[in-house]
Amino acid sequence: MGENKNNNQKTENQQDLNQLLKVRREKLAALQEAGKDPFQITKFNRTDYSATAKEDYISLEQKLIGEIKEPDVEGLDPAEAKKVKTESYNERRAVMDANPIKVSMAGRMMSKRVMGKASFCNIQDKFGNIQVFVSRDTLGDESYADFKKLDVGDIIGVTGYVFRTMMGEISVHADSVTLLTKSLQILPEKFHGLTNTDIRYRQRYVDLIMNPEVKDTFIKRSQIISAIRRFLDEQGFMEVETPMLVANPGGAAARPFETHFNALDEDLKLRISLELYLKRLIVGGLEKVYEIGRVFRNEGVDTRHNPEFTLMELYQAYTDYHGMMDLTERMYRHIAETVLGTTTITYQGVEMDLGKPFERITMVDAVKKYANIDWNEVADLEAARALAKEHHIEYEEFHKKGDILNLFFETYVEEHLIQPTFVMDHPVEISPLTKKKSDNPDYVERFEFFMNGWEMANAYSELNDPIDQRERFAAQDALAEAGDDEAEHTDEDFLNALEVGMPPTGGIGYGIDRLVMIMTNSPAIRDVLLFPTLKSEKK
């Protein structure tokens, strides 16, 4: 019985929606028949935005009137108090009207209130929203009648002057209202907004209209990337672009997406990293290069992973991973100060301080600190396997001693790395492109940067020995043969580049999406991707 009632209600709601959509199309047809087709309009001379109009008005108001104080009406009866307030408002209004701020604005109409000869609406643009007062006496009978037929969601152009209402709201007194685009769809009801997560991601355009905080997130994302570019440009780095379609994807442990290039009749893959081509440019003498671009990894989707994401990698000749730590610390601090105005970040209730020196700890010391295991006392692979079994850590048969150390790190350490932390000196087995430590070749000059328990960046003193690199590639090929579908493969052209000669180099890769998540307090990676990867809707 209840199910039938719900189904009936859904049917009625759909019928109501269909009727509303039908009415909008009928309005459009009537406009077109009357020679007022909004889709024939090609431009509108907008000179002002809502935010700047308000700022300009407040600035002029303070200059002409000073601080606005409500008149003292204590002890007066309501009628007399209203009269005093009205007279005070009219005096202020007269001063401002004598020095009008003329505006020409455009935006989407988010609400409308018709009250006989005068009405109000609210329009939203890129920088906010503003109330518009529409009067029949000002517009004339025909234009006012056209205004009353407008729908929420329509895009309009408004010319007029700025004023402050009796209620204190800065508004625009419209001299003209022009319909620029007729909305044929129904926006979500304003008091409940757009809350369905799946619809928000699939119809991001509606999400941006209905949820100002979403628009703010993506504005900040753009500001973060701009701040990174400015910072690196000032450090003498050069921005470059490298191929997305490659025959041999390398630079990371990930399964690639595969495609076919018809013109050459060759199978290609989408890049999983930016590393190997950027290093070729270091060989070529560019010395300081970076790229911000999409990479593609054929793996799962969760709150921190999307199969296509934005990666930034940079490489600098004549420095090492300590130089990359210093640069990272300065850059993160710069981004926070530039975009957020503070070096203290709160993410999902957790406060992180970018103003203090970042902690630096080796992976072995981190495992000792948080798992109470001294890896220096683990004699060999068999001992490492026995220790893993004792702690219920699953490993693969092809895993070496260093792989198992990394499993202990992931299990016991990562969740504790809340404050900015550099974890250094990884085992050689999990770092096929990294220079070995001269005093202990079982480990390499590598660090991962952590915040909030997340890996935020990965950096090396880059391996520039072509003989060693070939041996590492051979080990990766063996892993691939053993069933590791994330192993890298020998790249002969890259080896040739190393044989030409690459100077000592520091390199690092940053996950831009996680950085934006941290900086905007966004709980999931999909919240910082305008169009995240989603499963297709069933037809």
J.: So, Arg24 side chain and Gln185 main chain: donor-acceptor pair closer than 3.5 Å or not?
T.: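 Answer holds: yes.
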J.: After noting the C-alpha distance and the side-chain angles of Thr434 and His426, does the key distance pass the side-chain contact (heavy atoms from CB on, under 4.5 Å) rule?
T.: CA-CA 9 Å; Thr434 314; His426 292 50; over 6 Å; no
J.: Taking the side chain as every heavy atom from C-beta outward, state whether Leu187 and Val152 have any pair of such atoms under 4.5 Å apart.
T.: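 Contact flag for Leu187/Val152 side chains = yes.
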J.: Within a radius of less than 6.0 Å around CD of Glu213, do more than 12 heavy atoms belonging to other residues, nucleotides or ligands occur?
T.: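 Check passes, neighbour count above 12.
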J.: Verify the neighbour count for atom CG of Asp302: are there more than 12 heavy atoms of other residues, nucleotides or ligands below 6.0 Å?
T.: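 Yes, because the 6.0 Å sphere around CG of Asp302 holds more than 12 heavy atoms from other groups.
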J.: Ignoring hydrogens and angles, tell me if any N or O in the side chain of Lys27 forms a donor-acceptor pair with the backbone of Lys149 under 3.5 Å.
T.: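 Between the backbone of Lys149 and the side chain of Lys27 there is a qualifying donor-acceptor contact (under 3.5 Å).
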J.: Can you label the angle between the Tyr332 ring and the Tyr510 ring as parallel, tilted or perpendicular, going by 30° and 60°?
T.: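 Tilted.
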J.: Roughly how far, to the nearest 0.5 Å, is the CG atom of Asn211 from the CG atom of Asp216?
T.: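 Interatomic distance, Asp216 CG to Asn211 CG, rounded to 0.5 Å: 12.0 Å.
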J.: Donor-acceptor check, side chain of Gln316 to backbone of Gly506, threshold 3.5 angstrom: yes or no?
T.: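 Absent.
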J.: Could you check if a side-chain atom of Thr346 sits within less than 4.5 angstrom of a side-chain atom of Asn521, using non-hydrogen atoms only?
T.: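 The answer is no, as the side chains (C-beta and beyond) never meet within the 4.5 Å cut-off.
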J.: Please determine which of Asp146, Asp151, Asp37 meets the salt bridge (Lys or Arg N to Asp or Glu O under 4.0 Å) test together with Lys182.
T.: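 Passing option: Asp151.
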J.: Under 6.0 Å from the CZ atom of Arg164, do we count more than 12 heavy atoms belonging to anything else shown?
T.: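 Count over threshold, so yes.
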J.: Might you work through the ring pair (Phe, Tyr, Trp, His ring centres under 6.0 Å) test for Tyr315 and Tyr321, ending with a clear yes or no?
T.: CA-CA 10 Å; Tyr315 293 84; Tyr321 72 143; over 10 Å; no
J.: Indicate yes or no: does Lys369 engage Glu359 in a salt bridge with an N to O separation below 4.0 Å.
T.: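 Salt bridge between Lys369 and Glu359, a charged N being under 4.0 Å from a carboxylate O: yes.
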J.: Using only heavy-atom distances, determine whether the side chains of Glu351 and Thr344 contain a donor-acceptor pair under 3.5 Å.
T.: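 Checked: Glu351/Thr344 side chains show no N/O donor-acceptor pair below 3.5 Å.
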J.: Under a 3.5 Å cutoff, is there a donor and acceptor pairing between the side chains of Glu429 and His399?
T.: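 Checked: Glu429/His399 side chains show no N/O donor-acceptor pair below 3.5 Å.
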J.: Could you tell me if the side chain of Arg221 sits less than 4.5 Å from the side chain of Thr310, heavy atoms only?
T.: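 The answer is yes, as the side chains (C-beta and beyond) meet within the 4.5 Å cut-off.
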J.: Apply side-chain contact (heavy atoms from CB on, under 4.5 Å) to the pair Ile272 and Val295, showing each step before the final yes or no.
T.: CA-CA 5 Å; Ile272 60 174; Val295 296; 5.8 Å; no
J.: Minimum heavy-atom separation for Ala252 to Arg297, with atom names?
T.: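 Looking at all heavy atoms of both residues, the shortest contact is CB-NH2, 3.3 Å.
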J.: With heavy-atom distances below 4.5 Å as the criterion, would you say the side chains of Met363 and Met424 are in contact?
T.: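 The answer is no, as the side chains (C-beta and beyond) never meet within the 4.5 Å cut-off.
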J.: Does the side chain of Asp154 come under 3.5 Å of the side chain of Ser183 through a donor N or O and an acceptor N or O?
T.: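 There is no such pair (donor and acceptor under 3.5 Å, judged by atom type) between the side chains of Asp154 and Ser183.
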J.: Could you tell me whether the side chain of Thr338 and the main chain of His334 form a donor-acceptor pair under 3.5 Å?
T.: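 Yes; at least one donor-acceptor contact below 3.5 Å.
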J.: Taking C-beta and beyond as the side chain, do Ile430 and Phe409 meet within less than 4.5 Å on heavy atoms?
T.: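 They are not in contact (no side-chain heavy atoms under 4.5 Å apart), so the answer is no.
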J.: Would you call Arg202 and Asp198 a salt bridge, taking side-chain N to carboxylate O under 4.0 Å as the test?
T.: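 Looking at Asp198 together with Arg202, the answer is yes, because their closest N to O distance falls below 4.0 Å.
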J.: When you measure from the side chain of Thr421 to the backbone N and O of Gln419, does any donor-acceptor pair fall under 3.5 Å?
T.: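 Here the side-chain-to-backbone pair exists.
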J.: With a 4.5 Å cut-off on side-chain heavy atoms, are Pro307 and Phe296 touching?
T.: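 The answer is no; the side chains never approach within 4.5 Å.
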J.: Heavy-atom count around Met115 CE within 6.0 Å, excluding the residue itself: above 12?
T.: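 Count over threshold, so yes.
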J.: Could you check whether any side-chain N or O of Arg271 sits under 3.5 Å from a backbone N or O of Pro249, counting only pairs where one atom can act as donor and the other as acceptor?
T.: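 Not a single qualifying donor-acceptor pair exists.
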J.: Can you see which heavy atom on Glu488 is nearest to which on Gly251, and at what distance?
T.: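 The pair with the smallest heavy-atom distance is OE1-N, 2.9 Å.
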J.: Under the side-chain hydrogen bond (donor to acceptor under 3.5 Å, both in side chains) rule, what do Asp233 and Tyr290 come out as? Steps first, then yes or no, please.
T.: CA-CA 10 Å; Asp233 291 346; Tyr290 75 95; 3.2 Å; yes
J.: Under 3.5 Å, is there a donor-acceptor pair between the side chain of Asn306 and the main chain of Thr533?
T.: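 Checked: pair present.
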J.: How many angstroms lie between atom CE of Met244 and atom CD of Glu308, to the nearest 0.5 angstrom?
T.: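 The CE atom of Met244 sits 9.0 Å away from the CD atom of Glu308.
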J.: Please evaluate residues Tyr412 and Tyr370 with respect to the criterion ring pair (Phe, Tyr, Trp, His ring centres under 6.0 Å), reporting the C-alpha separation (whole Å), side-chain torsions for both, the decisive distance (0.1 Å), and the verdict.
T.: CA-CA 6 Å; Tyr412 286 99; Tyr370 294 105; over 10 Å; no
J.: Taking CD in Glu26 as the centre, count heavy atoms belonging to other residues, nucleotides or ligands within less than 6.0 Å. Is the count above 12?
T.: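 Check passes, neighbour count above 12.
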J.: For the residue pair Phe449 and Phe422, categorise the inter-ring angle as parallel (less than 30°), tilted (30 to 60°) or perpendicular (more than 60°).
T.: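 Geometry flag for Phe422 against Phe449: tilted rings.
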J.: When you check the side-chain N and O atoms of Asp207 and Gln203, is any donor under 3.5 Å from an acceptor?
T.: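 No, no side-chain donor-acceptor contact under 3.5 Å.
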J.: Decide yes or no for Phe231 and Ile335: does some side-chain heavy atom of the first lie under 4.5 Å from some side-chain heavy atom of the second?
T.: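 No. Closest side-chain heavy atoms not under 4.5 Å.
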J.: Is any side-chain N of the basic residue among Lys279 and Glu462 closer than 4.0 Å to the acidic one's carboxylate O?
T.: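 So Lys279 pairs with Glu462 through a salt bridge.
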J.: If the threshold is 4.0 Å, N to carboxylate O, is there a salt bridge linking Arg333 and Glu329?
T.: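 Judged by the 4.0 Å cut-off on N to carboxylate O distance, Arg333 and Glu329 do form a salt bridge.
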J.: Evaluate the criterion side-chain contact (heavy atoms from CB on, under 4.5 Å) for residue pair Ile228 and Leu515; output intermediate values, then yes/no.
T.: CA-CA 11 Å; Ile228 291 171; Leu515 168 59; 3.9 Å; yes
J.: Can Thr159 and Ser104 be counted as having a side-chain donor-acceptor contact under 3.5 angstrom?
T.: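 The criterion, which ignores hydrogens and geometry beyond distance, is not satisfied for Ser104 and Thr159.
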J.: If you count every heavy atom of other residues, nucleotides or ligands that lies below 6.0 Å from His260 atom NE2, does the total exceed 12?
T.: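 Above 12, so yes.
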J.: So, Glu234 and Arg229, do they make that salt bridge, N to O below 4.0 Å?
T.: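 The answer is no: the pair does not qualify as a salt bridge.
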J.: Are the side chain of Arg108 and the backbone of Gly153 linked by a donor-acceptor contact shorter than 3.5 Å?
T.: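 Side chain of Arg108 to backbone of Gly153: a pair is present.
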J.: For Ser50 and Asn129, what are the C-alpha separation, side-chain angles and deciding distance, and is it a side-chain hydrogen bond (donor to acceptor under 3.5 Å, both in side chains)?
T.: CA-CA 6 Å; Ser50 57; Asn129 60 78; over 6 Å; no
J.: Measuring from Arg304:CZ to Arg526:CZ, what's the distance to the nearest 0.5 Å?
T.: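 Separation between the atoms: 15.0 Å.
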J.: Does the side chain of Leu208 reach to within under 4.5 Å of the side chain of Phe218, using non-hydrogen atoms?
T.: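 The answer is yes, as the side chains (C-beta and beyond) meet within the 4.5 Å cut-off.
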J.: Consider only side-chain N and O atoms of Ser522 and Tyr347, and report whether a donor and an acceptor are under 3.5 Å apart.
T.: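 No.
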J.: Please state whether the rings of Phe408 and His391 are parallel, tilted or perpendicular, taking 30° and 60° as the class boundaries.
T.: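 Perpendicular, since the angle between the ring planes exceeds 60°.
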J.: To the nearest 0.5 Å, what is the distance between CD (Glu410) and CD (Glu415)?
T.: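 With rounding to 0.5 Å, CD (Glu410) is 12.5 Å from CD (Glu415).
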J.: Looking only at side chains, do Ser431 and Arg446 share a donor and an acceptor under 3.5 Å apart?
T.: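 Note: Ser431 and Arg446 side chains meet the donor-acceptor criterion.
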J.: Under a 3.5 Å distance rule, please check whether Gln124 uses its side chain to pair with a backbone N or O of Ile209 as donor and acceptor.
T.: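 Side chain of Gln124 to backbone of Ile209: a pair is present.
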J.: Whether the side chain of Tyr144 engages the backbone of Ala118 through a donor-acceptor N/O pair (distance < 3.5 Å, no angle test) should be reported.
T.: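 Side chain of Tyr144 to backbone of Ala118, a donor-acceptor pair under 3.5 Å: yes, one is there.
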J.: In Å and rounded to the nearest 0.5 Å, what is the NZ to CE distance from Lys215 to Met210?
T.: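 Reported value, rounded in 0.5 Å steps: 11.5 Å.
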J.: Roughly how far, to the nearest 0.5 Å, is the CZ atom of Phe127 from the CG atom of Asp48?
T.: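 Asp48 CG to Phe127 CZ: 12.0 Å, rounded to 0.5 Å.
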J.: Do Asn248 and His489 get their side chains close enough for a donor-acceptor pair, meaning under 3.5 Å?
T.: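 Judged by distance alone, the side chains do not pair up.
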